[in-house]
S.K.: 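After the structure tokens below, expect a handful of questions from me.
Indexing begins at 1, ligand by ligand and atom by atom, following the structure's order.
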Amino acid sequence: MTNDTMITVQQTARPTGFPTPGHFAFVESPVPAPEPGTALVENVLWSVDPYHREAMDSDEIWTLNSPMEGRTLGRVLDSRDPALRPGDLVLHRKGWRTHALVSKDETRPVPDLGPGVPLAAHLSLLGGTGLSAYVGLTRIARLKPGEDLFVSAAAGGVGTAAGRLARLLGAGRLVGSAGSARKVAYLTERVGFDAAFDYHDGPVGELLAKAAPAGLDAVLDGVGGEHLEASIGALRPFGRIAWVGAVGQYHSLSAPPAPRNLFDVVGKSIRLEGFLVSNHTDALEELYELAVPHLRSGALPLDVTVVEGFGNIVEAFLGMLRGENLGKMLVAA
Ligand SMILES: NC(=O)c1ccc[n+]([C@@H]2O[C@H](COP(=O)([O-])OP(=O)(O)OC[C@H]3O[C@@H](n4cnc5c(N)ncnc54)[C@H](OP(=O)(O)O)[C@@H]3O)[C@@H](O)[C@H]2O)c1
């Protein structure tokens, strides 16, 4: 690749089950010159997300053999819009490529929040990932100080953010599930969970009942299926479930058998509510108010796995789906 060449990752085929590198191509093209009202951005940090797996199945979201989209952070190289100046750092959605032409309306400036707040924060704790955790806890589960919380996929981006934010919000007993002993240790030793379990170690309902013997008030579930069933089982009356995702189902070829206890939602007066973070972007300032002072002081570490090199973006994405990430999976140029 020369300085005049950009690379775009394109999906070349729809997967059946788990995707492979063969479903993607790295396509070279000349770096475009900005048109009036646009700027040329060189991307420096990319987010790879579980929803990209859902996008792989949909003609409406990702068209085959076309540039894919995803959240990314880039630096303006050249501009024909005075509102976007060379050197500016911007957040935008034209990820999965080394360069992009963007208009001002397609970007959000990266705020300078001072030392202690690294760029990676804007695609993890202070980005859509952290906002999903914050909104799930505060607006959907309506977590109150002292209440006991279960978080599934707890060692991932949303899960670690949820654990750390729940501690700041004064949560009571904090229980998490994850896919390995290494992740379980990370949750209890580093993130502040009181108990955690590896969901491979037995029926999730039994593992959760053991980790939360006195029951739970709230759940942030990103896995679905058996995890959702276990959550319904462990909640006390008037418990709340913020259902953020179903990563356990995204490449499943059959419908999940669980939750088989859905009717207990009635008997226990549980509130089960799904949500999309895109409907709650107005909560970002609140998240900043809560998290930024602790980031600046060093009391709130970032949980990120950063894969180096744009050429590794497909492997980073597949690795995230396989559970190779601790915290938010990012790719750096
Ligand atoms: N509603 C929204 O607006 C919104 C926004 C952001 C994210 N989400 C959802 O939130 C969840 C977490 O997203 P994230 O970005 O933070 O991803 P993440 O948790 O950082 O990465 C995905 C994780 O899923 C786990 N996983 C994979 N297959 C699994 C399975 N069969 N059963 C249980 N866990 C499995 C893996 O960890 P293990 O090693 O623990 O298996 C992996 O690390 C996803 O469901 C995502 O779709 C929703």
Side-chain angles (χ1 to χ4, degrees), residues 17-19 46-57 61 70-71 120 123-125 127-137 139-141 150-165 176-187 191 193 196-201 203-204 207-208 219-231 241-254 256-258 273-281 283-284 287 302-307 316-331:
F18 204 93
W46 295 264
S47 175
V48 287
D49 293 83
Y51 81 84
H52 296 161
R53 174 64 191 87
E54 294 177 275
M56 288 188 78
D57 289 337
I61 309 178
R71 288 175 298 126
L123 286 181
S124 56
L125 189 66
T129 298
L131 191 62
S132 300
Y134 179 77
V135 165
L137 296 179
R139 291 190 175 179
I140 313 298
F150 170 55
V151 179
S152 65
V158 174
T160 50
R164 296 209 186 259
L165 295 175
S177 69
S180 69
R182 180 176 82 110
K183 289 186 173 184
V184 165
Y186 185 80
L187 291 174
V191 186
F193 281 79
F197 60 86
D198 179 345
Y199 59 81
H200 298 104
D201 285 348
V204 180
L207 296 167
L208 180 56
V219 172
L220 182 70
D221 180 30
V223 177
E226 213 192 335
H227 276 79
L228 186 54
E229 179 173 297
S231 301
I241 301 174
W243 195 6
V244 67
V247 71
Q249 298 170 205
Y250 293 164
H251 18 251
S252 167
L253 300 178
S254 55
E273 184 176 344
F275 69 101
L276 290 174
V277 69
S278 50
N279 292 324
H280 295 274
T281 50
L284 192 62
L287 169 62
L302 279 192
D303 304 287
V304 286
T305 296
V306 181
V307 171
F317 169 60
L318 299 177
M320 178 276 298
L321 294 177
R322 283 191 295 264
E324 290 166 11
N325 54 313
L326 266 179
K328 176 77 186 100
M329 185 68 112
L330 297 174
V331 179

S.K.: If you take all heavy atoms of Phe197 and Leu208, which pair is closest and at what distance?
M.R.: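 Heavy atoms only, the tightest pair is CE2-CA, 3.7 Å.
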S.K.: Would Arg71 and Asp49 satisfy side-chain contact (heavy atoms from CB on, under 4.5 Å), going step by step from the backbone distance to the final call?
M.R.: CA-CA 9 Å; Arg71 288 175 298 126; Asp49 293 83; 2.8 Å; yes
S.K.: Tell me whether the rings of His227 and Phe150 are parallel (<30°), tilted (30 to 60°) or perpendicular (>60°).
M.R.: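 His227 vs Phe150 ring planes: parallel.
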S.K.: How long is the gap from CG on Asp221 to CD on Glu229, to the nearest 0.5 Å?
M.R.: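 So the gap between those two atoms works out to 11.5 Å.
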S.K.: Can you tell me how far apart CG (Leu187) and CG (Leu326) are? Round to the nearest 0.5 Å.
M.R.: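 Answer rounded to 0.5 Å: 8.0 Å.
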S.K.: Heavy-atom cut-off of under 4.0 Å around ligand 1: list whichever protein residues fall inside it, by chain and number.
M.R.: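 Residues near ligand 1: Pro50, Ser132, Gly156, Gly157, Val158, Ala178, Gly179, Lys183, Tyr199, Gly222, Val223, Val244, Gly245, Ala246, Val247, Gly248, Tyr250, Phe275, Leu276, Val277, Met320, Leu321, Gly323, Asn325, Gly327.
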S.K.: Is there a donor-acceptor pair under 3.5 Å between the side chain of His200 and the backbone N or O of Ser180?
M.R.: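 The answer is no, because no donor-acceptor pair under 3.5 Å joins these two groups.
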